[in-house]
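Any value given below was found using the heavy atoms of this structure, including those in side chains, with hydrogens, waters and symmetry copies removed.
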Amino acid sequence: MSGIFEYNGGSIVGMKGKNCIAMACDRRFGQQMSTITTNYQKVFKIQDNILLALSGLNTDIHTFYALMEKEINLYNLKENRKMKPTTFANLVASALYERRFGPFFVTPIVAGLENGKPILATYDSIGCKSDLDDFQVGGTGGNYIYGACEAFFKPDMNPEELEEVIGQSLVSGCDRDALSGWGGVVYVLTEQKLTVKILKTKQT
Amino acid sequence: MQYFDNYLQSKGGYDYTNAKRNELMKAQGFKEMPFTKTGTTIVGVLFDGGVVMAADTRATAGSIVADKNCEKLHTLAPNIWAAGAGTAADLHHQCAHFNAKLKLQRLNLNRQSRVNEVITKLTSKLFPYRGQIGVALIIGGVDCNGPQLASVSPHGNYVYHPFQSMGSGSLAALGILEAKFQDGLTKQQAIDLAIEAIEAGIFHDMGSGSNVDVVAITKEGVDYRRNIRQYNAKSHQKQIPYPFPINNTPALRKYEFNFEKQELTEVGQEMEIVE
């Protein structure tokens with residue numbers, strides 16, 4: 001048997017732009033070599049200006065997302081205000097570290113816009129936050145997408161350019177990974193709106 | 001049962017609810033994903049009037065470089081810094097925890113934190129966990145007892161010594177330190193020695209790389225130089241960029257959610273929409 005993170009497969013990527021941020025994920029949900037469904041959601045809108053992408057074991061993706069929804073809803077009710085993206089990024093790190101000796105098998109990426117400034121943070125499965133880079137990847141196809149990102153990325157892109165670049169990086173990377181693919185979804189977040197584009201990819 | 005769960009939740013600390021499930025999975029043969037480790041070379045050097053600590057900036061996950069420029073020098077108190085090697089998540093969260101704990105103590109007692117306090121608190125926390133919390137730290141600071149430098153191992157052992165190195169590159173760094181360290185160094189000499197020791201780690205150890213961070217602590221204050229040396233800057237810029245034409249990637253559907261109006265609309269006359 002392979003690793004726990006390779007059981008379901010899937011890839012995610014996040015990229016910073018100029019006053020905008022983009023997230024992309026594939027759509028496959030599999031059980032080792034079988035594909036169960038090709039429309040599994042891996043990127044979640046936590047708040048108007050915060051996106052959470054999760055890759056890893058799908059049951060833990062579902063559980064962790066539900067946990068984060070609960071936290072942010074409770075926060076909104078208790079504090080009567082929206083949560084800042086940097087606060088949410090720290091919340092995810094703490095929630096993961098709380099389970100240090102029985103972790104969730106997820107590698108999250110948090111993307112947000114704080115006063116127009118893009119925030120991007122990634123974590124390993126026990127909450128080591130890494131938020132200084134301009135693009136982050138996760139999932140089984142992550143290492144292949146790293147290569148595509150290093151080649152295609154340039155800093156300070158506008159939302160249209162960013163959408164193209166992140167889409168192409170995701171598709172190129174997932175083509176080399178057997179456990180990711182079967183479609184892609186690109187989310188581009190700006191101050192005014194969130195654009196969701198469902199990509200047409202090779203159906204394998 | 002619910003009462004017990006709530007009580008544990010409010011107490012804080014680690015949550016073990018997934019531990020049994022994970023053990024079962026491991027017994028079935030699944031391998032876990034490697035945690036981000038810091039590979040690392042970290043050094044500390046005591047000089048006349050203070051202490052210098054230096055670290056590289058590479059974080060690895062298995063054999064992939066997870067972070068090319070992470071920060072391994074953490075503040076525990078205004079006059080005490082820690083350089084960390086080991087599991088990155090443990091380092092980050094334990095250092096943040098002790099930072100807060102020491103701050104509360106300073107507010108209560110109205111006294112500067114001391115290095116031996118930090119060592120005692122750390123080792124008391126680490127020992128019961130039998131090395132499972134993977135932090136190997138070099139603690140350095142200047143307090144009422146003068147400049148002090150110590151290292152703490154994940155099992156809770158501590159050693160005071162005028163020069164220390166830890167991490168996967170520690171042997172490379174130790175070679176430089178053993179050869180060139182003397183008592184009574186000046187601040188600049190100590191900084192140069194520390195940088196040389198980290199350099200040895202960066203070039204000879206696969207787990208260490210990228211840049212060097214240095215912090216020098218004296219009674220007067222703290223001098224933190226992030227990326228004082230950079231060995232791995234990109235050697236060339238792309239001459240011809242790869243611009244993608246806008247709206248070129250074919251899409252099945254495109255939606256837009258406008259925040260002000262809070263409404264979702266389907267977009268897409270300009271693009272090739274294929275069913």
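- Using a 4.5 Å cut-off between heavy atoms, A/Ser125 contacts chain B through its side chain alone, with no backbone atom that close.
- Per-residue counts of heavy-atom pairs under 4.5 Å with chain A were compared for B/Lys26, B/Glu260, B/Lys68, B/Arg21; the largest is that of B/Arg21.
- Proximity of A/Leu194 to A/Lys45: side-chain heavy atoms (C-beta onward) are separated by under 4.5 Å at one or more points.
- A ring-centre distance under 6.0 Å is not found for A/Trp182 and A/Phe29.
- Note on A/Thr201, A/Val171, A/Thr195: by heavy-atom pairs under 4.5 Å with chain B, the leading option is A/Thr195.
- Residue B/Tyr16 touches chain A through its side chain alone, counting heavy-atom pairs closer than 4.5 Å.
- Using a 4.5 Å cut-off between heavy atoms, A/Leu189 contacts chain B through its side chain alone, with no backbone atom that close.
- With a 4.5 angstrom heavy-atom cutoff, B/Ala66 touches chain A only via backbone atoms.
- Side-chain atoms of B/Asn18 and A/Pro103, non-hydrogen and from C-beta on, never get closer than 4.5 Å to each other.
- Considering all non-hydrogen atoms of both residues, B/Ile42 and B/Ala55 come closest at CG2-CB, 3.5 Å.
- B/Glu263 and A/Lys193 are not joined by a salt bridge, as no carboxylate oxygen comes within less than 4.0 angstrom of a charged side-chain nitrogen.
- For a residue to count as touching a neighbouring chain, one of its non-hydrogen atoms must lie under 4.5 Å from one of that chain's; by this rule B/Gln132 touches chain A with backbone and side chain alike.
- Between B/Tyr14 and A/Tyr97, the gap from one ring centroid to the other is short of 6.0 Å.
- Only the side chain of A/Glu163 comes within contact range of chain B, judged by heavy atoms closer than 4.5 Å.
- With a 4.5 angstrom heavy-atom cutoff, A/Thr190 touches chain B only via backbone atoms.
- Side-chain contact check for B/Val152 versus B/Ile138: every heavy-atom pair is 4.5 Å or farther apart.
- Using a 4.5 Å cut-off between heavy atoms, B/Ile246 contacts chain A through both its backbone and its side chain.
- The shortest distance between side-chain heavy atoms of A/Leu96 and A/Val92 falls below 4.5 Å.
- For a residue to count as touching a neighbouring chain, one of its non-hydrogen atoms must lie under 4.5 Å from one of that chain's; by this rule A/Phe104 touches chain B with backbone and side chain alike.
- When heavy atoms are compared at a cutoff of 4.5 Å, A/Asp131 does not approach chain B at all.
- Checked against the 6.0 Å centroid criterion, the rings of B/Phe30 and A/Phe105 do not qualify as a close aromatic pair.
- Heavy-atom distances place both the backbone and the side chain of A/Glu160 under 4.5 Å from chain B.
- For the options A/Gly184, A/Gly127, A/Gly167, A/Gly183, heavy-atom pairs under 4.5 Å to chain B are most numerous at A/Gly127.
- Proximity to chain A involves both the backbone and the side chain of B/Asn258, based on heavy atoms less than 4.5 angstrom apart.
- When B/Lys20, B/Met25, B/Glu71, B/His92 are compared by the number of non-hydrogen pairs under 4.5 Å with chain A, B/Met25 comes out ahead.
- Looking at A/Leu120 and A/Asp133, their side chains never come closer than 4.5 Å, going by heavy atoms from C-beta outward.
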